[in-house]
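Data block below; observations after.
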Protein chains: 2
Amino acid sequence: METKRPRLGAAQRPTMKDVAHEAGVGLKTVSRVVNGESGVSEATVDRVREVIARLGYRRDDAARGLRNGHVASIGLILEDTTDPFYAQLVGAVQTVAQEHGMLALTGASDEDPDYERDLGLALCARRVQGLVIVPAPGSRHDYLEPELAAGMAVVFVDRPPIGLAADTVLADSRGGARGAVGHLVERGHRRIGFLGDSPGIYTAGERLLGYREALAAAGLPRDDALVAMGPPSPDALGAALAALMALPDPPTALFTGNNRTTVETLRILARREERPALVGFDDFELADLMTPPVTVVAQDPVGMGRAAARLLFQRLAGDRSPARRLELATRLIARGSGERRPAGLPGEPRDRA
Amino acid sequence: METKRPRLGAAQRPTMKDVAHEAGVGLKTVSRVVNGESGVSEATVDRVREVIARLGYRRDDAARGLRNGHVASIGLILEDTTDPFYAQLVGAVQTVAQEHGMLALTGASDEDPDYERDLGLALCARRVQGLVIVPAPGSRHDYLEPELAAGMAVVFVDRPPIGLAADTVLADSRGGARGAVGHLVERGHRRIGFLGDSPGIYTAGERLLGYREALAAAGLPRDDALVAMGPPSPDALGAALAALMALPDPPTALFTGNNRTTVETLRILARREERPALVGFDDFELADLMTPPVTVVAQDPVGMGRAAARLLFQRLAGDRSPARRLELATRLIARGSGERRPAGLPGEPRDRA
DNA sequence: TTGAAAGCGTTACCAG
DNA sequence: CTGGTAACGCTTTCAA
């Protein structure tokens with residue numbers, strides 16, 4: 001009987017059996033050669049190697065994983081790979097993963113909780129050993145319960161999970177926001193506006209809380225007219241900013257809630273007359289080259305990604321201790337825009353040079 | 001005989017067999033329910049569904065892929081995920097992949113050709129259906145020959161493959177560079193410096209060629225003292241720039257070869273006295289908010305990623321035509337830094353307002 | 001040093 | 001409508 005023909009059109013890959021047949025040895029011998037096991041004569045090794053090269057044989061890791069424990073890969077879900085903050089974070093996770101000989105299957109949820117869940121399930125179906133997730137706003141994670149029970153490691157970054165006890169790595173958003181607003185208060189500002197991301201986003205909420213705490217600590221009144229929360233689109237932000245500046249008692253300083261918002265606000269301010277002081281949450285490239293350079297509360301995306309990945313691999317190495325929650329400190333970097341004083345108060349000396 | 005116990009410690013996942021047993025139905029029936037096939041009574045479907053939910057069963061795609069054609073995933077290799085140019089490109093590839101129901105396994109080669117090859121082989125072993133590669137400088141790709149023969153689709157982006165005929169998507173680096181330098185020449189510059197990436201990088205070489213072609217077309221002499229190529233580290237660039245400016249006849253304009261180089265050059269120039277005109281290859285966020293705003297030759301990373309992914313899926317859909325090479329046009333965006341005239345010539349009028 | 005057989009979890013085929 | 005059986009490509013176990 002002839003060798004069975006493959007499906008039409010689909011070129012066929014050689015298997016171990018093909019190699020064994022071609023080299024005139026047993027299947028197991030090929031397996032041993034492929035995996036560099038001992039117990040094969042040098043002559044046989046050479047022959048098998050030659051056939052492998054000639055046929056272009058590649059071991060199938062899926063089949064291998066089916067038989068053994070499982071294939072070395074982790075899953076990574078975030079909302080948007082192109083945001084520099086997440087790009088850095090992903091890069092760090094991947095670096096650590098590759099150091100452990102693992103590849104990362106990456107998916108972008110684009111802020112859609114349902115899609116995030118689909119991605120998570122797809123990754124589970126592919127039997128990734130671990131999962132790093134930046135939750136979309138509003139997504140629940142109880143569906144991962146059985147995975148955890150089955151030994152999969154799951155770590156959440158930047159935002160906490162909902163409905164699941166699992167390791168979490170966050171930035172200290174509230175403390176960072178307090179510091180930013182406190183910094184402005186110390187410079188004499190009494191009317192400080194907050195431009196934050198959509199209120200459904202965990203970090204946006206925390207930063208709003210920090211903003212309020214700092215005002216309260218300084219004995220300043222809470223004025224919700226100074227707060228605008230929403231997606232950082234140019235239009236929405238332009239309207240919000242215009243409204244803020246049209247107030248009878250407009251803010252002399254702004255605190256912006258993430259890099260997108262900060263950048264877009266800078267763009268809008270460049271077209272307007274006002275020059276409020278500004279502190280942004282999250283550092284961004286070229287902040288130092290703006291005029292004036294932009295004062296920020298820097299997060300550490302690389303540190304967060306690395307911490308998350310390390311936690312993950314600790315779990316995979318067998319750590320069964322209770323879920324941990326890491327909160328990484330932020331750091332205020334004063335560059336100029338946040339040190340402007342309100343009109344009417346003496347400013348700092350300029351241009352000593 | 002009792003059910004066989006799993007390896008100690010490793011929690012066990014339920015399989016279809018477990019579900020079938022628990023629900024008191026056959027294996028195939030569970031399979032039908034899981035895959036939404038018809039031919040199962042509603043009552044049975046419900047019972048099976050209930051058991052699946054209770055046991056937390058998840059289909060194993062590795063086993064599934066072993067049996068069928070293969071699992072829906074593609075591989076993605078680039079050198080650095082955190083560079084905004086590549087971040088955009090990756091994002092586009094992933095978006096298209098997800099639209100096709102595929103996930104992307106991503107690896108970063110970090111400019112190491114050997115590691116790039118290892119990543120490629122690892123992805124082949126995982127039987128990805130397609131591969132998108134940004135080649136590391138100096139890497140060869142003939143090792144992918146058998147994969148292509150076996151029906152895998154491979155597309156190269158940003159840089160062409162070496163030793164393999166495969167689809168390739170590039171930016172028109174040479175034409176873009178010609179345009180940039182021509183733009184400066186038209187503004188009266190006769191001494192134009194070029195700060196490029198390491199000469200081993202394909203795009204760096206092309207941009208150097210474009211630079212030279214533009215000079216030649218303008219009848220300007222070639223002066224290699226005006227060219228500095230190397231990795232865009234602050235130190236190296238600082239030294240190169242200092243050397244350039246110390247020339248007896250220093251450049252009045254600079255052409256920088258990629259976004260990293262442009263940004264670092266801006267940073268260095270901010271600390272120096274000279275204010276040469278500047279055009280950068282590759283656009284970057286905030287270029288419009290620099291003083292002066294930075295003129296660039298914009299590439300289209302999203303377009304490139306999308307084009308690459310589309311080519312890939314065309315191939316996977318059965319397109320067997322010869323390898324294609326796409327070269328995407330660049331676009332010069334004049335913002336100010338590239339329109340400065342050399343000292344001694346009248347500048348453009350400023351501040352009409 | 002070598003190889004035959006069983007089995008990993010799933011699906012296709014075919015029989016009930 | 002339902003369910004056995006074989007097979008996917010590999011590794012493990014055990015016997016030669």
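In what follows, every chain begins at residue 1, and chains take the letters A, B, ... in the order their sequences are listed. Given the structure is predicted, the values throughout are model-derived calculations rather than measurements.
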Tell me which residues in residues 26-45 of chain B lie within less than 4.0 Å of DNA chain C, going by non-hydrogen atoms.
B:Leu27, B:Lys28, B:Ser31, B:Asn35
Quick note, B:Leu66 side chain, CB onward, closest among C:dT10, C:dC8, D:dC8 is D:dC8
Spacing between A:Arg58 atom CZ and D:dC10 atom P, to the nearest angstrom:
13 Å
Under the salt bridge (charged side-chain N to carboxylate O under 4.0 Å, His left out) rule, what pairs show up with a residue in residues 32-43 of chain A, not counting sequence neighbours?
A:Lys28-A:Glu37
Crowding at CZ, A:Arg54 (>12 non-hydrogen neighbours, <6.0 Å)
yes
C:dA4 P sits how many Å from A:Lys17 NZ, rounded?
12 Å
What's the closest nucleotide to the side chain of B:Asp60 if the choices are C:dG9, C:dT11, D:dC10?
C:dG9
Can you measure A:Asn68 atom CG to C:dG9 atom C1' for me and round it to whole angstrom units?
14 Å
Apply side-chain contact (heavy atoms from CB on, under 4.5 Å) to residues A:Glu147 and A:Leu131 and explain how you reach the verdict.
CA-CA 10 Å; A:Glu147 314 302 325; A:Leu131 215 41; over 6 Å; no
In whole Å, I'd like the distance from the CG atom of B:Asp18 to the C1' atom of C:dT10.
13 Å
Can you find a pair of side-chain heavy atoms, one from B:Ser31 and one from B:Met16, that are under 4.5 Å apart?
yes
In whole Å, what is the span from the NE2 atom of B:His21 to the P atom of D:dG3?
14 Å
Would you say that B:Asp110 contacts B:Tyr115 through its side chain, given a criterion of any heavy-atom pair below 4.5 Å between the two side chains?
no
A:Leu55 CG - D:dG9 P separation (whole Å):
14 Å
Could you state the atom-to-atom distance from CZ of A:Arg64 to C1' of C:dT10 in whole Å?
20 Å
Nearest heavy atom decides the nucleotide; on that basis, is A:Val25 or A:Arg127 closer to the 5' end of DNA chain C?
A:Val25
More than 12 heavy atoms of other residues, nucleotides or ligands under 6.0 Å from NE2 of A:His21: is that the case?
no
Atom pair CD1/CD of B:Ile201 and B:Glu111 - distance to nearest 0.5 Å
5.0 Å
On the nucleotide D:dA7, are OP1 or OP2 found under 4.0 Å from the side-chain N or O atoms that B:Arg67 carries?
no
Specify the separation, in whole Å, of atom CE of B:Met16 and atom P of D:dT5.
18 Å
